[in-house]
Amino acid sequence: MYDLWLGQWLFPSMIAADELGIADILHQQPAAADDIARKLNVNGLGVATLCDLLVCLGFLSKTKDAYSNTQYGNKFLTSASETGWGAIFRPLQAGENARKIVDSIKKGGCHIASDGNTFSEMWEEGAVTEQAAREFIPRMHCLILPTMRKIVSNKLFAMANSVIDVGGGSGALGVALAEAGLQCKYTLFELPAVCTLADEYLKAAKAANYNMHKGSFFTDHWPMGHGVVFLSNILHDWPPSVGMSLIQKAYQATAPGGKIVLQEMIMDEDKTGPLIPVLFSLLMFINHTAQQFTRSELFAMLETVGFVNPEVTEAGAYYSLVTASKPLI
Ligand SMILES: C[S@@+](CC[C@H](N)C(=O)[O-])C[C@H]1O[C@@H](n2cnc3c(N)ncnc32)[C@H](O)[C@@H]1O
């Protein structure tokens, strides 16, 4: 399902790259994302995200300093090539996804919105409307519930007496814990309008051992002393500096000897693969001017605030669990 859902961005990315003229710029000489962005007067993260996808697809190559066209980039994406596909791409420029990619790179993110309010702004202000919650939360629930059902078999959850699910959306983790009959106490830390919906999902799953902590994880108190502090698909909604501040708060909320658990799709160290996490990163740029992370970026964030022994395990459906411990003293 993720292949099909995120695959919808593949050809529109080629149309967008053609419209922006990326391969024509690189036909002259290799260039870094920021240099391409300066030339086009567009967003640097957006260019890097699109170029990383083009590397993944084989049209560009990437070194530490710069992107270049591969033979396929020169053959199919440059306007001077007699086999260039401009004649195919250009009539498709008005397509919705191609427009979203180009507009987000030009404006620095398109920002998924409900009734004229962007989710990023509502989340930052801690004030999501009921309508916005009803639009967004069912989407997250169907995307993540199968993975939650898989990860609750991890001994982490069997051994913890309490888990706080920070920005836990529909409470899908609580649903999966209840279905598995695990005793660990589940706390959902969410915005009030989302808690109302999550309560419906948790009641339908006959969950009993749970409570709601209604508030904003930016401005409100974090309940302390949890054995597991869980953040799924949270860091990817924000720039790294905001993610760092959430991890710092998570450290305070973790009991000594307890664990932080991040659930994210992780990209390779050079950010050009695997394909589905790279496409997810493009979607996070379009929706929130944000990105997926690499393993070493996540480890560095955790270790900076004092967590130790970071590890990665597979969670299923392209997701990974990144765990790390808070030392006992
Ligand atoms: C991408 S969703 C992830 C949901 C869930 N963790 C999952 O993996 O499906 C981000 C979640 O963060 C929540 N969120 C955003 N800003 C928040 C804030 N300031 N305080 C609490 N929760 C917030 C949103 O309501 C949303 O449910």
Side-chain angles (χ1 to χ4, degrees), residues 1-2 5-6 109 111-114 117-152 163-177 186-202 210 212-223 228-239 242-243 245-250 253 260-266 277 280-281 283-293 315-322:
M1 292 304 289
Y2 274 96
W5 176 53
L6 291 169
H111 295 288
I112 183 171
S114 168
N117 301 308
T118 71
F119 278 89
S120 297
E121 280 162 358
M122 287 190 278
W123 289 349
E124 211 169 330
E125 289 160 13
V128 93
T129 61
E130 196 191 319
Q131 180 191 325
R134 288 216 178 263
E135 284 171 21
F136 188 74
I137 292 303
R139 289 183 217 159
M140 286 311 305
H141 189 69
C142 65
L143 285 173
I144 210 66
L145 184 61
T147 310
M148 297 300 190
R149 284 184 170 143
K150 186 163 177 216
I151 64 168
V152 290
V163 52
I164 182 165
D165 189 3
V166 179
S170 66
L173 176 64
V175 168
L177 289 169
Y186 175 75
T187 300
L188 178 70
F189 186 178
E190 258 292 355
L191 299 168
V194 177
C195 285
T196 308
L197 283 187
D199 212 34
E200 294 170 13
Y201 287 104
L202 287 159
Y210 73 94
M212 303 284 178
H213 184 74
K214 296 181 184 173
S216 167
F217 53 46
F218 289 124
T219 49
D220 290 312
H221 163 75
W222 287 47
V228 170
V229 176
F230 185 71
L231 291 91
S232 169
N233 284 319
I234 298 299
L235 298 185
H236 78 170
D237 292 332
W238 305 100
V242 176
S245 69
L246 292 176
I247 287 186
Q248 179 73 61
K249 286 172 191 270
I260 186 168
V261 180
L262 308 175
Q263 181 162 255
E264 293 281 352
M265 279 193 202
I266 296 182
F280 208 23
S281 203
L283 184 60
M284 289 308 112
F285 177 76
I286 293 167
N287 284 352
H288 304 296
T289 327
Q291 67 295 295
Q292 297 303 126
F293 290 93
Y318 300 105
Y319 281 96
S320 297
L321 289 186
V322 178

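All of these numbers come straight from a predicted model, not from anything done at the bench. Counting convention: from 1, in listed order, for ligands and their atoms alike. Positions are given from 1, in the same order as the sequence printed here.
Applying the ring-ring contact (aromatic ring centres under 6.0 Å, His included) test to Tyr319 and every residue at least two apart in sequence or in another chain returns Tyr2.
Checked by atom type and distance alone, the side chain of Gln292 never pairs as donor or acceptor with a backbone atom of Ile266 at under 3.5 Å.
Residue contact check for ligand 1: Ser170 places no non-hydrogen atom closer than 4.0 Å to it. Proximity of Ile234 to ligand 1 is established by a heavy-atom distance of less than 4.0 Å. Within the 4.0 Å heavy-atom shell around ligand 1 one does not find Leu143. For Ala172, the closest heavy-atom approach to ligand 1 does not fall below 4.0 Å.
The residue from Val163, Asp165, Ile260 that alone fulfils the side-chain contact (heavy atoms from CB on, under 4.5 Å) condition with Val228 is Val163. Evaluated for a ring pair (Phe, Tyr, Trp, His ring centres under 6.0 Å) with His236, the options Phe285, Phe293, Phe280 yield exactly one hit, Phe280.
For the atom pair CG (Leu202) and CG (Leu173), the distance works out to 9.5 Å, reported to the nearest 0.5 Å. Annotation: the span from Met148 atom CE to Ser232 atom OG amounts to 4.0 Å, rounded to 0.5 Å. To the nearest 0.5 Å, atom CG of residue Leu246 and atom NZ of residue Lys249 are 7.5 Å apart. Once rounded to the nearest 0.5 Å, the distance linking CD of Glu124 with OG1 of Thr219 reads 10.5 Å.
Set against the non-hydrogen atoms of Phe218, the atoms of ligand 1 under 4.0 Å away are 19 (N). Of all the atoms in ligand 1, the ones that sit under 4.0 Å from a non-hydrogen atom of Gly168 are 5 (C), 6 (N). Interface atoms of ligand 1 facing Ser232, defined by a heavy-atom separation under 4.0 Å, are 3 (C), 5 (C), 6 (N), 7 (C), 8 (O). With ligand atoms numbered from 1 in the order given, ligand 1 contributes 27 (O) to contacts under 4.0 Å with heavy atoms of Ile137. Annotation for ligand 1: atoms under 4.0 Å from non-hydrogen atoms of Val194 are 25 (O). Interface atoms of ligand 1 facing Gly215, defined by a heavy-atom separation under 4.0 Å, are 20 (N), 21 (C).
For atom 19 (N) of ligand 1, the nearest non-hydrogen atom from the set Phe136, Trp123, Trp238, Phe230 comes from Trp123. If you check each of His213, Met284, Met140 against atom 9 (O) of ligand 1, the one with the closest non-hydrogen atom is Met140.
Remark: minimum distance from atom 24 (C) of ligand 1 to any protein heavy atom is reached at Glu190 OE2, 3.5 Å. Protein heavy atom nearest atom 10 (C) of ligand 1, with residue, atom name and distance: Asp237 OD2, 3.4 Å. Ranking the protein heavy atoms by distance from atom 20 (N) of ligand 1 puts Phe217 N, 2.8 Å first. The nearest protein atom to atom 4 (C) of ligand 1, hydrogens excluded, is given as Gly167 O, 3.3 Å; this is a heavy-atom distance.
Sorted by first and then second residue, the pairs that involve residues 140-150 and meet salt bridge (Lys or Arg N to Asp or Glu O under 4.0 Å), not counting sequence neighbours, are Arg149-Glu179.
Side-chain contact check for Ser170 and His141: at least one donor-acceptor pair (N or O, by modelled atom type) lies under 3.5 Å.
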